[in-house]
Peer 1: 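Sharing a structure, written as structure tokens. Questions coming.
These numbers were taken from a predicted model, which means no experiment stands behind them.
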Amino acid sequence: IDNIIENVKKTNIDDLGDNFIAVLVEDVLKGPKLNFIQKNNEVYILNDGKKQSKIDLTSLENKWDNIVFKINVDSKFESSYASRKSLILPLLILISLPIFLFYHKTNFTINILGILFFLGFLFSLSTLKDLFGNKIEIINKFCNFSKSSNCSTILNSKKNKFFEILNLSDLSIVFFFYQIIFLIISILSNDVLSFFGTQKILVFSSIPLLLFSLYYQKFVEKKWCPLCLSISLVMFFEMIVLSKFSSDFTNLKSIISSFMILSISFSCWKLLKDFLIKQKELKDFQIKANRFIRNYALFKNTIVKNSNFKLPETPIVLGNNNSKLVISIITNPFCGFCKKTHELVDKLISLFPENIKIEIIIKVDIEAEDNINKNFYYNFINNYFVKDQFSFLNSINYWYLKKDINSWLKKFESKDIDIKKIQSIYNLFNNWCLENDINYTPAIFINGFEYPDLFDRENLIYDINEWIEY
């Protein structure tokens with residue numbers, strides 16, 4: 001079964017789903033213990049094998065030791081690599097901007113502005129941590145360092161209609177990205193003075209918005225956003241640096257260039273943000289879908305509503321012949337869709353050899369086949385009789401690898417075949433399928449209940465433990 005053991009920060013507990021095993025420290029003197037943890041709304045149920053207790057998220061965080069064993073990891077948790085990948089953009093800017101400024105031997109003022117632009121861009125990206133899927137602990141601590149601070153409350157606020165159209169994150173990320181691009185273009189075109197003049201007008205024009213942001217945090221939401229305050233502080237330092245330059249340096253060319261770069265920056269960000277939102281929605285949908293299709297209670301309730309079949313007796317049995325859990329597979333070697341089902345059988349046998357019984361039923365009208373195919377079908381079952389179940393599984397794997405009758409017969413053909421016995425087995429299988437309207441392969445039955453079409457057959461492996469205990 002898919003699983004992962006990883007170092008997980010307490011800020012990522014919400015990403016672990018509803019069931020997981022984690023190392024918790026109840027008592028420093030007694031040391032850490034493994035606990036099976038189930039989430040029920042806002043309550044976490046702990047079970048260490050001896051006792052069961054209920055705690056809230058804060059208490060769980062206090063006991064957290066960062067080590068998690070997760071079965072059937074949600075895509076949200078599995079995407080830690082994708083989350084790291086979303087940091088590539090700011091890291092590229094972090095590396096490229098100083099190199100660019102150093103290469104062009106820019107003066108002290110430009111270097112200071114470059115640092116401020118980058119810091120502003122970095123703080124702006126941090127406001128989008130939820131969208132990027134990054135839960136960086138240092139940012140979370142920074143945003144929630146006191147009871148009166150909470151970045152998410154401000155950034156996700158809808159109490160003002162203006163923020164429904166453009167929020168502070170959008171404005172800041174577009175503006176600082178625009179400043180970086182415009183600075184680079186101005187240096188390359190040797191027109192830095194007009195850049196200073198244009199930026200002075202824009203930066204000082206933002207004072208009403210900055211004051212409104214402070215008012216909104218203090219009196220409307222009554223919460224402070226440390227990231228927003230950091231962005232405001234960057235803007236304040238920009239004002240100090242740009243105050244010594246005259247806005248008279250601004251010319252028509254600079255204004256047009258500024259407007260074009262700002263428009264392009266906004267359009268690019270709008271497209272990128274829409275893409276990121278769709279990716280996040282798709283990721284959230286996948287998580288919910290996985291929880292739905294791998295929900296054992298739902299699966300069990302669905303499957304037992306189907307008719308219970310009395311399947312034909314088959315001599316081909318894999319696993320433990322005495323197991324109460326019986327999985328019946330109706331298959332055919334020439335069925336292309338059956339390959340994945342046989343791969344699933346291999347996994348089940350390797351993982352649960354003593355806990356399951358797998359019955360193989362081969363659906364074919366043997367009387368209608370030509371002599372070549374008949375010989376293949378006879379040897380196909382006979383291989384189980386003359387050898388063992390592992391050799392039989394190996395013969396199936398070889399067949400799906402080659403899909404060539406002659407090659408298969410060279411390897412597995414036997415002279416010692418009881419044709420009448422095997423013919424009667426095939427006739428029994430075929431007649432049962434006709435009587436019960438099973439005209440397709442593969443078909444899977446669990447204790448006589450047909451596997452529902454609603455659920456992916458490959459997910460059977462996740463429910464086996466529950467069926468074993470059932």
Peer 1: Just by distance, do the side chain of R457 and the backbone of P442 share a donor-acceptor pair under 3.5 Å?
Peer 2: yes

Peer 1: So, taking the atom named OG in S213 and the one named CE in M235, what distance separates them when rounded to the nearest 0.5 Å?
Peer 2: 11.0 Å

Peer 1: Looking only at side chains, do N320 and S323 share a donor and an acceptor under 3.5 Å apart?
Peer 2: no

Peer 1: Calculate, to the nearest 0.5 Å, the distance between atoms CG and CG belonging to L34 and N47 respectively.
Peer 2: 11.5 Å

Peer 1: My understanding is that only one of I21, I45, L60, I13 makes a side-chain contact (heavy atoms from CB on, under 4.5 Å) with I37; could you say which?
Peer 2: L60

Peer 1: Please examine the side chains of K340 and E343, heavy atoms only from C-beta on, and report whether any two atoms are closer than 4.5 Å.
Peer 2: yes

Peer 1: Please say which of L116, I115, L122 ends up in a side-chain contact (heavy atoms from CB on, under 4.5 Å) with F118.
Peer 2: L122

Peer 1: Measuring centre to centre across the rings, with the benzene-like ring taken for any Trp, is Y400 within less than 6.0 Å of W408?
Peer 2: no

Peer 1: Donor-acceptor pair, Y377 side chain versus V364 backbone, under 3.5 Å?
Peer 2: no

Peer 1: Is a side-chain donor or acceptor of N144 paired with a backbone partner of N140 at a separation under 3.5 angstrom?
Peer 2: yes

Peer 1: Any side-chain to backbone donor/acceptor pair from K223 onto K147? Under 3.5 Å, distance only.
Peer 2: yes

Peer 1: Which word best sums up how the rings of W432 and F445 line up, parallel for under 30°, tilted for 30 to 60°, or perpendicular for over 60°?
Peer 2: perpendicular

Peer 1: What's the separation between atom CD1 in I139 and atom OG1 in T127, rounded to the nearest 0.5 Å?
Peer 2: 9.5 Å

Peer 1: Say you draw a straight line from OG of S206 to CD of E238; how long is it, rounded to the nearest 0.5 Å?
Peer 2: 8.0 Å

Peer 1: Using 30° and 60° as the class boundaries, would you call the ring planes of F380 and F376 parallel, tilted or perpendicular?
Peer 2: tilted

Peer 1: Between D56 and S59, is any side-chain donor less than 3.5 angstrom from a side-chain acceptor?
Peer 2: yes

Peer 1: Can any side-chain N or O of E450 pair as donor or acceptor with the backbone N or O of A443 at less than 3.5 Å?
Peer 2: no

Peer 1: To the closest 0.5 Å, what do you measure between CD1 (I154) and CD (E221)?
Peer 2: 5.0 Å

Peer 1: Hey, what do you get for CG (L128) to CD1 (I173), rounding to the nearest 0.5 Å?
Peer 2: 5.0 Å

Peer 1: As a quick check of understanding, evaluate side-chain contact (heavy atoms from CB on, under 4.5 Å) for T331 and V345, giving each step before the final call.
Peer 2: CA-CA 12 Å; T331 182; V345 168; over 6 Å; no

Peer 1: Would you check if the side chain of Y384 reaches a backbone N or O of V317 as a donor-acceptor pair within less than 3.5 Å?
Peer 2: yes

Peer 1: Less than 4.0 angstrom from a charged side-chain N to a carboxylate O is my criterion; do D274 and K278 meet it?
Peer 2: no

Peer 1: Looking at F385, is K421 sitting on its ring face, NZ or CZ under 6.0 Å from the six-membered ring centre and within 45 degrees of the normal?
Peer 2: yes

